[in-house]
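Bear in mind the structure is a predicted one, so any value in this text is a computation, not a measurement.
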Amino acid sequence: MSAQQESKAQPLNQRQHNLAAISALTATGNMESLKVQLGSGLDAGLTVNEIKEALVQLYAYCGFPRSLNGISCFMQVLEERKKKGITDVTGREATPLKDSSDTYERGRKTLETLTQVSQLKPAPGFGEFAPRIDAFLKEHLFADIFDSDVLDYTQRELVTIAALAAMRGTEGQLQAHIGMGMNTGISAEQVKSVFDIIEELVSREQAEISRAVFSKMKK
């Protein structure tokens with residue numbers, strides 16, 4: 001009952017809020033604040049595996065260094081909590097994959113689900129110019145990573161939107177993923193709440209850049 005009331009009281013529930021905050025702080029490399037949000041996320045009910053999955057996914061958006069730093073930070077937080085006698089919930093493992101189609105095709109279908117647009121092979125433009133990056137995008141990100149159902153598509157897009165909103169120079173990708181996120185059920189108010197998190201934890205300037213991107217999309 002309290003969880004339902006919390007969901008009605010604010011656009012993002014506490015677990016979603018922490019997931020977005022963890023993503024933004026990992027993307028910007030703010031480890032001190034990340035430690036706080038990791039602990040808060042665990043206290044709010046995020047499982048160890050859910051947070052690990054988010055941190056792994058982030059390497060595709062903010063690079064291995066930031067992702068690995070986030071994972072190391074999470075390991076420290078878990079160890080500190082263990083010493084205090086806190087037992088955190090590991091959470092479930094990913095369901096074994098049953099789809100036997102090749103990874104490119106799985107990734108292409110996932111991207112079609114997210115964008116609700118047919119995906120050509122290769123992707124026009126960058127995919128024709130650099131076929132390997134198109135293969136990496138479809139086969140690894142949208143197949144290997146998104147195949148894991150530890151996080152659902154809505155949670156994954158929330159993680160992605162928060163990371164892209166926190167970083168400079170990713171407005172085009174942010175616009176695309178806001179659209180994908182809303183296709184998975186993220187509301188306009190929840191998108192705005194992510195930007196409020198960016199203002200609080202990253203900077204007002206970065207939040208305003210993200211708000212401008214969203215404002216143009218709605219026109």
Least distance between heavy atoms, [X] atom then [Y] atom:
X	Y	value
Gly185	Gln190	O-OE1, 3.9 Å
Ser187	Met182	C-CE, 4.4 Å
Ile197	Ala20	CD1-CB, 3.9 Å
Ser101	Asp99	OG-OD1, 2.7 Å
Cys73	Leu38	SG-CD1, 3.9 Å
Ile186	Leu158	CD1-N, 3.8 Å

Any donor-acceptor N/O pair, [X] side chain to [Y] backbone, under 3.5 Å:
X	Y	answer
Glu128	Gly125	yes
Arg108	Ser118	no
Ser23	Val159	yes
Ser203	Glu199	no
Thr103	Ala143	no
Glu157	Thr184	no
Arg66	Ala27	yes
Ser193	Glu189	yes

Using the rule that Ile, Leu, Val, Met, Phe, Trp and Tyr join whenever any side-chain heavy atoms are under 4.5 Å apart, tell me whether [X] and [Y] fall into a single cluster.
X	Y	result
Phe136	Ile145	yes
Leu19	Phe195	yes
Val48	Leu58	yes
Met75	Leu68	yes
Val56	Ile22	yes

Q | Ring center gap for Phe146 and His140 short of 6.0 angstrom | A |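 For Phe146 and His140, the ring centres are not under 6.0 Å apart.
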Q. Going by heavy atoms in the side chains, are Glu50 and Arg15 under 4.5 Å from each other?
A.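 Result yes, sub-4.5 Å side-chain heavy-atom pair found.
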Looking only at the side chains, is there a donor atom on one of [X] and [Y] sitting less than 3.5 Å from an acceptor on the other?
X	Y	result
Asn183	Tyr153	no
Ser33	Asn30	yes
Thr115	Gln119	yes
Thr160	Gln173	no
Asn49	Thr90	no

Q. Just one of Thr28, Thr26, Val77 clears the side-chain contact (heavy atoms from CB on, under 4.5 Å) bar with Leu34, so which one?
A.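 Of Thr28, Thr26, Val77, side-chain contact (heavy atoms from CB on, under 4.5 Å) with Leu34 is met by Thr26 alone.
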Q. Does Lys192 make a cation-pi contact with Phe214, if we ask for NZ or CZ under 6.0 Å from the ring centre and within 45° of the axis?
A.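 No, Lys192 does not lie over the aromatic ring of Phe214.
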Q. CZ of Phe126: more than 12 outside heavy atoms within 6.0 angstrom?
A.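 Buried by this count: over 12 neighbours within 6.0 Å.
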Q: With sequence neighbours left out, write down each residue that passes side chain to side chain donor-acceptor pair (under 3.5 Å) with Glu205, or none if nothing qualifies.
A: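 Partners of Glu205 by the side chain to side chain donor-acceptor pair (under 3.5 Å) criterion, ordered by chain and then number, come out as Arg168.
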(Q) For the CG atom of Asp134 and the CD atom of Glu139, what is their distance to the nearest 0.5 Å? (A)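 Answer for the CG-CD pair, Asp134 versus Glu139, is 8.5 Å.
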Q.
side-chain contact (heavy atoms from CB on, under 4.5 Å), that's the test. Do Arg81 and Leu42 meet it? Break it down for me.
A. CA-CA 10 Å; Arg81 288 169 67 88; Leu42 290 166; 3.4 Å; yes
(Q) Once you measure the plane-to-plane angle for His177 and Phe142, does it fall in the parallel (<30°), tilted (30-60°) or perpendicular (>60°) bin? (A)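 Correct class here is parallel.
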